[in-house]
> 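Take a look at this one; I'll ask things after.
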Amino acid sequence: MDYDFKKIEAKWQSYWAAEKTYKVEEDSSKPKFYVLDMFPYPSGAGLHVGHPLGYIASDIYARYKRLKGFNVLHPMGYDAFGLPAEQYAIQTGQHPEKTTDENVARYRSQLDRLGFSFDWDRSFRTCDPDYYKWTQWAFLKMFKSWYDPEKDKARPVAELVSRFETEGYDGITPAQWKAFSDKEKDEVLMRYRIAYLGETSVNWCEGLGTVLANDEVKDGLSVRGGFPVVQKKMRQWQLRVSAYAERLLAGLDKLEWTDSLKDMQRNWIGRSEGTEMVFDTICDGRHMPVTIFTTRADTVFGVTFMVLAPESELVETLTSASMKKEVEEYLQYAAKKTERERQSETRNVTGVFTGSYGVNPLTGEQIPIWISEYVLAGYGTGAIMGVPAHDSRDYAFAKKFNLPIIPLIEGADVSESSFDAKEGRMVNSGFLNGMEVKEAIEAAKVYVEEHKLGRRKVNYRLRDAIFSRQRYWGEPFPICYKDGIATPLPESALPLTLPEIDSFKPSAGGEAPLARAKDWTYEGSPLETSTMPGFAGSSAYYLRYMDPHNSEEMVSAEADRYWRNVDLYVGGTEHAVGHLIYSRFWNKFLFDLGYVCEDEPFKKLVNQGMIQGRSNFVYRIVGTNTFVSAGLRKKYETTEIHVDVNIVHNDRLDIEAFRKWRPEFEDAEFVLENGEYICGWAIEKMSKSMYNVVNPDEICNSYGADTLRLYEMFLGPVEQSKPWDTKGIDGVHRFLKKFWRLYYNQDKLLVSDAKPSAAELKALHTLIGKEQEDIESFSYNTNISAFMIAVNELTDLGTTSREILEPLLILLSPFAPHVAEELWHDLGHSDSITGAVFPEYNPAFTVEDSVTYPVSFNGKTRFTAELPKSASPAEVEAAVRALPDTAKYVADKQIVKVIVVPGRIVNIVLK
RNA sequence: GCCCCGGUGGCGGAAUUGGUAGACGCGCUGGACUCAAAAUCCUGUGUCUGAUGAAGACGUGCCGGUUCGAGCCCGGCCCGGGGCACCA
């Protein structure tokens with residue numbers, strides 16, 4: 001019987017499905033382990049070979065943990081709301097739900113072929129009303145909560161209201177509060193709610209007809225679709241993520257994530273310690289205090305101007321009558337620019353003088369106030385002090401508009417550029433003179449506080465997340481408007497399901513498709529017409545897997561306390577500042593309210609690398625239909641053309657297949673080398689347009705899922721990006737065939753009850769030890785190498801012993817579950833190998849009694865010496881010194897010292 | 001510009017974390033079996049010198065350092081990948 005992977009894989013896949021082998025229940029007698037993949041967005045293109053890389057890695061880990069006695073939660077679902085299905089719907093008129101159903105079905109069938117141990121009974125899609133009910137529920141909780149800075153956590157808004165009523169809060173007295181109308185009260189509360197309606201400058205994308213979050217915009221273009229994005233003031237739903245900035249930052253320290261990923265999050269959060277300082281200003285004779293933020297309080301003596309952001313509210317009050325016209329012209333110019341233009345023209349310095357002046361609080365000197373787009377309204381106070389000598393942006397501005405530049409650090413040459421470094425000795429700086437910069441910063445802060453000129457302040461770059469999208473295919477907001485006041489629906493009204501509409505097109509001017517829905521009201525009040533963004537549904541999905549069928553709670557306290565949080569999370573690094581920030585925020589919010597018991601959702605995170613495509617090229621001689629082989633192409637003027645990798649084998653073109661590939665190549669002529677057409681190649685992104693897509697289904701057909709799983713892991717470290725190269729797959733396939741032959745010779749099962757030999761036990765236990773180490777550290781590639789070595793050794797030893805071959809199957813089962821399961825049953829087991837126990841490692845079998853030491857003289861190895869393993873370094877030294885070979889190499893030289901590394905090396909240092 | 005990560009044969013990648021660099025696999029060389037092919041098995045495979053031998057020298061992006069010993073540590077560069085980018 002040959003290794004018939006097709007039969008084996010089909011058989012066990014249906015067995016696992018029928019027996020629900022991977023169904024998991026809470027079981028307090030076993031330790032839990034939660035292994036999660038970032039669930040996919042089911043796109044129309046289906047899976048290519050690169051997509052399952054992370055799923056394979058996590059599946060191996062999950063299977064390994066089961067063998068180690070853990071109760072493993074390993075679920076899978078679909079992130080099914082989102083723009084592509086809706087864009088497709090707009091183009092075709094087909095309901096996004098239908099597209100989503102089809103895509104999900106395709107994904108499911110592709111995933112099923114790979115032998116994953118998912119508990120499909122826990123699966124859901126984010127667009128299922130039973131699921132998004134809980135997305136809406138969490139939103140309601142956020143709407144009804146505020147962030148209490150004293151308790152440093154989210155609390156019910158009701159508590160805030162009672163504070164306003166009884167003792168007053170944040171400058172509002174109980175008397176004032178009582179005098180407010182409902183509308184005024186509502187506006188005050190909106191300033192505190194975690195989910196709130198607020199007017200801010202948002203990323204408006206006309207091409208998609210919706211606003212976007214910061215992480216959905218890159219280089220001024222939308223990530224989905226690549227449409228230009230402009231800044232626009234709009235009243236939108238937002239989540240007060242910024243309230244959690246400090247906790248999101250601090251929480252990173254205890255997570256097992258890669259440093260680069262933590263750095264990305266730290267960067268995104270952007271904590272910066274500085275000082276807020278109040279400058280008096282004079283505009284047409286009127287005085288008014290203006291607060292600025294700086295991290296360099298020590299440089300106040302070098303302030304020669306102030307700058308406001310064009311969008312700042314201060315612009316209006318600080319523009320003098322004489323400058324009104326110029327300022328208005330500048331504001332119009334700035335407003336017209338798209339985000340992309342602003343970013344690409346960062347070196348283009350622009351600005352306008354307001355006609356008013358500020359007063360330096362330390363020197364009393366008057367300085368002009370300007371407006372420039374290099375100052376951002378959304379950060380700090382939207383106003384800065386300009387210190388051209390020690391800030392490159394201020395420097396460029398001062399040069400352009402001829403403003404004075406005063407150096408403050410001894411020896412700093414500011415004739416060509418600013419001196420930004422935080423080192424050196426202060427000069428021209430009054431009481432700071434002579435201090436080192438770091439001391440001076442601290443001294444200036446103390447001075448500012450003591451003289452009541454301002455205060456210490458920590459600022460964050462992290463902004464609140466814009467939470468509305470003017471789109472159809474997303475969660476509706478459980479909010480209606482009564483007399484213009486946003487009013488939450490009762491929880492009993494959830495889920496608020498999407499209505500049917502006749503067209504999915506967004507309307508111009510920012511009106512959402514839901515505005516066209518008939519009767520989109522709740523008890524007569526109009527419902528919110530925006531929907532939630534893509535990240536809403538993916539922010540807490542890992543919690544729902546713990547208790548997916550619960551209709552009363554998002555997750556029961558028992559299930560939450562058992563599963564707690566994700567022990568291992570596997571996914572791409574592209575979610576570093578989007579999903580992974582939102583999820584942590586969402587989780588911390590639910591933690592504050594006591595719905596979940598862990599503060600952080602993902603303990604350990606592994607970012608799988610991308611699998612790149614290996615593209616092939618043919619070279620057409622310009623102006624002809626003749627193609628020249630890669631080695632000869634330099635002799636001609638050629639055009640490089642992508643050719644489908646599926647008609648190229650080992651870089652040799654299948655000429656007949658090429659002629660049939662596309663009509664224009666039907667009469668193609670070829671210039672061959674050695675009778676073959678050799679294609680060029682390059683590593684590129686795997687994509688349809690490069691004709692380098694390899695479909696996992698085809699690999700499963702020709703090699704089987706076990707081979708595919710092994711090969712993807714064998715290719716290199718999981719975290720690393722690496723190119724796919726189908727020709728290497730034969731190696732692991734050969735390994736599996738060899739593995740099979742260890743158990744079967746023709747139809748004869750070779751397994752016996754023979755006692756294993758020492759050599760066999762050594763091969764097995766070396767592998768057991770290695771596998772434990774390698775899987776825990778995600779070194780799957782080296783583990784597969786170790787497997788190949790072990791199988792070669794056991795083949796050479798002619799092993800038939802059950803005591804070796806049975807544990808060997810368990811070791812293989814995480815990697816190649818189908819073949820392991822088949823042989824497991826052939827050995828007489830009636831239960832799945834999934835329930836087996838990982839074999840115990842016994843180091844006694846793997847140790848040698850002697851060690852071959854390389855003996856080196858001044859670092860050069862001259863000969864080897866066989867010595868007992870148990871010998872102490874002193875004994876090794878004595879033995880080596882006594883060897884005749886040693887005497888020969890030492891000759892008349894003098895031994896300076898002898899270095900012995902136990903079990904490794906002996907180095908004799910000669911003079 | 002700033003912050004990460006990386007650079008090892010023809011290719012993917014190993015190297016017990018400072019101890020015989022190149023494991024394992026691919027590819028390639030030669031061979032066995034076969035009428036032939038596929039499949040399978042065996043052999044060789046970093047570079048150079050040498051005679052296809054024995055043997056030796058060089059070799060982990062570049063230059064320098066520490067060390068008995070450096071792919072690994074330190075200093076200075078070069079190149080590639082990723083992230084951030086007027087955040088005061």
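So you know, we letter chains A, B, ... as the sequences are listed, proteins then strands, and number each from 1. Computed from a predicted model, the values in this text were never measured in an experiment.
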> Does a side-chain N or O of A:R266 approach OP1 or OP2 of B:rG83 to a distance below 4.0 Å, or not?
no
> With respect to the phosphate group of B:rA88, does any side-chain polar atom (N or O) of A:N459 fall under 4.0 Å of OP1 or OP2?
no
> Can a side chain N or O of A:Y374 be found less than 4.0 Å away from OP1 or OP2 on B:rA88?
no
> Will you find, in the side chains of A:E273 and A:T295, an N or O donor that is under 3.5 Å from an N or O acceptor?
no
> Is the base of B:rC84 touched by the side chain of A:N267 through a donor-acceptor pair closer than 3.5 angstrom?
no
> Classify the nucleic acid contact of A:D725 as base, sugar-phosphate or nothing, counting any heavy atom under 4.0 Å across all strands shown.
nothing
> Which part of the nucleic acid, if any, lies within reach of A:I384 when heavy atoms closer than 4.0 Å are counted: base, sugar-phosphate only, or nothing?
base
> Please classify the nucleic acid contact of A:S785 as base, sugar-phosphate, or nothing, using heavy-atom distances under 4.0 Å.
base
> How do A:R734 and A:V901 order along RNA chain B: which one's closest nucleotide is nearer the 5' end?
A:V901
> Check this one for me: any side-chain N or O of A:R741 less than 4.0 Å away from OP1 or OP2 of B:rC41?
yes
> Could you tell me how the ring of A:H733 sits relative to the ring of A:Y3: parallel (under 30°), tilted (30 to 60°) or perpendicular (over 60°)?
tilted
> Would one find a side-chain N or O of A:K727 under 4.0 angstrom from OP1 or OP2 of B:rG27?
no
> Does A:Q720 put a side-chain nitrogen or oxygen below 4.0 Å from OP1 or OP2 of B:rG13?
yes
> Phosphate oxygens OP1/OP2 of B:rC86: is one of them under 4.0 Å from a side-chain N or O of A:S372?
no
